[in-house]
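Okay, so here's the structure we're looking at.
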2 protein chains.
Amino acid sequence: MAAVNAKSNGTPRSMPKQARRKQLIQATIKCIAKNGLSSTTMADVTQQAGLSIGIVNLHFQSKEKLLIETLRYISDEYTEGLNKIYNDKSLNTEKKILAHINFDFSRAIIDRNKLAVWFAFWGETKSRPTYLSICASYVSEIANNLTRLFVLLKQQGDYSDVNPDLVCTCYTALSDGLWLDLLITPKGMKPAQAQAVAMHYLATQFPEHFKNKTEH
Amino acid sequence: MAAVNAKSNGTPRSMPKQARRKQLIQATIKCIAKNGLSSTTMADVTQQAGLSIGIVNLHFQSKEKLLIETLRYISDEYTEGLNKIYNDKSLNTEKKILAHINFDFSRAIIDRNKLAVWFAFWGETKSRPTYLSICASYVSEIANNLTRLFVLLKQQGDYSDVNPDLVCTCYTALSDGLWLDLLITPKGMKPAQAQAVAMHYLATQFPEHFKNKTEH
DNA sequence: CAACCGAATGAATGGTTATTCATTTTTATG
DNA sequence: CATAAAAATGAATAACCATTCATTCGGTTG
């Protein structure tokens, strides 16, 4: 009877430690989306993963550390995806910005399970310095990179009035707000539509580059 | 010894029921901001209010109902504030929009305690239909009113390219995203700055009305 | 195949928390 | 002032939950 779970799960004991951690983190994301952060229990998470109750402490020492790693997981996924774009030498500035927007509204990112996780953690940043510092660090990293792209694009057109810092702040806030729409009005706001709204804003700043390019 | 709290609190027993409920809701907001939704307990809330543990069930029947009323409280405060502006006959369309933006970034609204509450509940909407329906209803009410204002403003200038629905969606998302900045980067983003970013967007759509009006 | 060791299990534990309700305190009434 | 009604209290309860760790399991090695 005992210990049949991991096997029936297609996840043998010999799998690398990292893979089991990932499995638990993904179960945590599902549970937070399904039950809310405030009623996500260890029993929920381990059952969702098809594993036993003691497994979390084996791999994460405590529930709190599992939650922190979960935030870090979605935060890393996001920053790493964007960094790949920033470092892609086959893309020019305009293409990088377009790729950035595409990424912001891509399947993997605007998955409602993950959006629920983002908002749940944001709601707790005020009381958990660790959450806040994870958020603060990805925010500033992305802002630096994105601002740089806007600086470059500014040089490539008649954009003397454009303020790259302002555009970065505005685009980022807009994108976060559209995530909220995707989370709480799933019937009213489709991903493509959200992306079009973001493009609409960029077109106001860089019309020579982004006007009539809402399709992609 | 017993029952000295309410008195020492300056809140006599004879106060209207509604006032005690409000006191408890405000204590709940403080606790959610201080400890996070997931570790806000009845003991925390009642202690914060200077009352006894049994008081919540007397006035709200359960913790869950207290939380729902807390969401309704901040949601009502927001919609009622905006409705006052919409119904103010002394304001023309332009002034109403300006008043709307001022309100969105006013002290009472961008209080970080309340912002933490908004995000905490947003993070739980996927799992709690009641939260979702409260959010959905205020969102659509405000969108209707704000879109109407943009329609009117469009008629007052050379704005044939402006899409009022799109502008409403974009402004609303932007405003929500700026709230996030105010919550998680309190050192980096000041209220006046957030408001300036919002004005910057509106100026792109209605330059005749909102250019160089970032001060107020 | 036997012996070993890391991985996983899950019953047991102890601490926490929402809820209840008999009792006490305060206010209103005649 | 006496009495009743309403409001508030907080000790007690029962349910829940994170964590522990002795035990079991499965893969590996010689």
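All chains are named by letter (A, B, ...) in the order of the sequence lines, taking the proteins before the strands, and each is independently numbered beginning at 1.
- Whole-Å rounding puts the Lys17(A) NZ to dA8(C) C1' distance at 11 Å.
- Taking Lys190(A) as the reference, Gln193(A) meet the side-chain contact (heavy atoms from CB on, under 4.5 Å) condition, with sequence neighbours excluded.
- Of the side-chain N and O atoms in Arg20(B), none sit less than 4.0 angstrom from OP1 or OP2 of dA7(D).
- Straight-line distance from the CG atom of Leu58(A) to the P atom of dC5(C): 18 Å, rounded to whole Å.
- As a whole-Å value, the separation of Lys65(B) NZ from dT19(C) C1' is 13 Å.
- Ile55(B) has its CD1 atom 5 Å from the P atom of dT9(D), to the nearest Å.
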Each nucleotide of nucleotides 12-17 of chain D classed B (base within 4.0 Å of a protein heavy atom), S (only sugar-phosphate) or -, in 5' to 3' order, makes -----S
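- In the set dT20(D), dG10(C), dA8(D), the nucleotide with an atom closest to the side chain of Leu51(B) is dA8(D).
- As a whole-Å value, the separation of Gln23(B) CD from dA7(D) P is 15 Å.
- Every residue was checked against the salt bridge (charged side-chain N to carboxylate O under 4.0 Å, His left out) condition with Arg112(B), not counting sequence neighbours, and none meets it.
- Environment of CD in Glu69(A): crowded, with over 12 heavy atoms of neighbouring residues, nucleotides or ligands closer than 6.0 Å.
- Neither OP1 nor OP2 of dA7(C) sits under 4.0 Å from any side-chain N or O of His59(A).
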Review item, side-chain donor-acceptor pairs of residues 131-139 of chain B, under 3.5 Å, at least two apart:
residue   : atom : partner   : partner atom : Å
Tyr131(B) : OH   : Glu64(B)  : OE2          : 3.2
Ser133(B) : OG   : Thr130(B) : O            : 3.3
Ser137(B) : OG   : Ile134(B) : O            : 3.3

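- Annotation: salt bridge (charged side-chain N to carboxylate O under 4.0 Å, His left out) contacts of Lys114(A) (sequence neighbours excluded): Glu77(A).
- For Ala194(B) against Leu182(B), the heavy-atom pair with the smallest separation is CB-CD1, 4.1 Å.
- Stem regions annotated for DNA chain D: C:1-30 with D:1-30, counting only runs of 3 or more consecutive pairs of Watson-Crick or G-U type with both contacts under 3.5 Å.
- Counted within 6.0 Å of NZ on Lys30(B), heavy atoms from surrounding residues, nucleotides or ligands total 12 or fewer; the atom is thus considered open.
- Residue Gln61(B) contributes atom CD, which lies 10 Å from atom P of dT20(C) at whole-angstrom precision.
- His100(A) and Tyr171(A) share no donor-acceptor pair across their side chains, judged by distance under 3.5 Å alone.
- At whole-Å resolution of the value, CD in Gln47(B) and P in dT9(D) are 12 Å apart.
- With hydrogens and angles left out, the side-chain atoms of Glu141(B) and Thr79(B) include no donor and acceptor closer than 3.5 Å.
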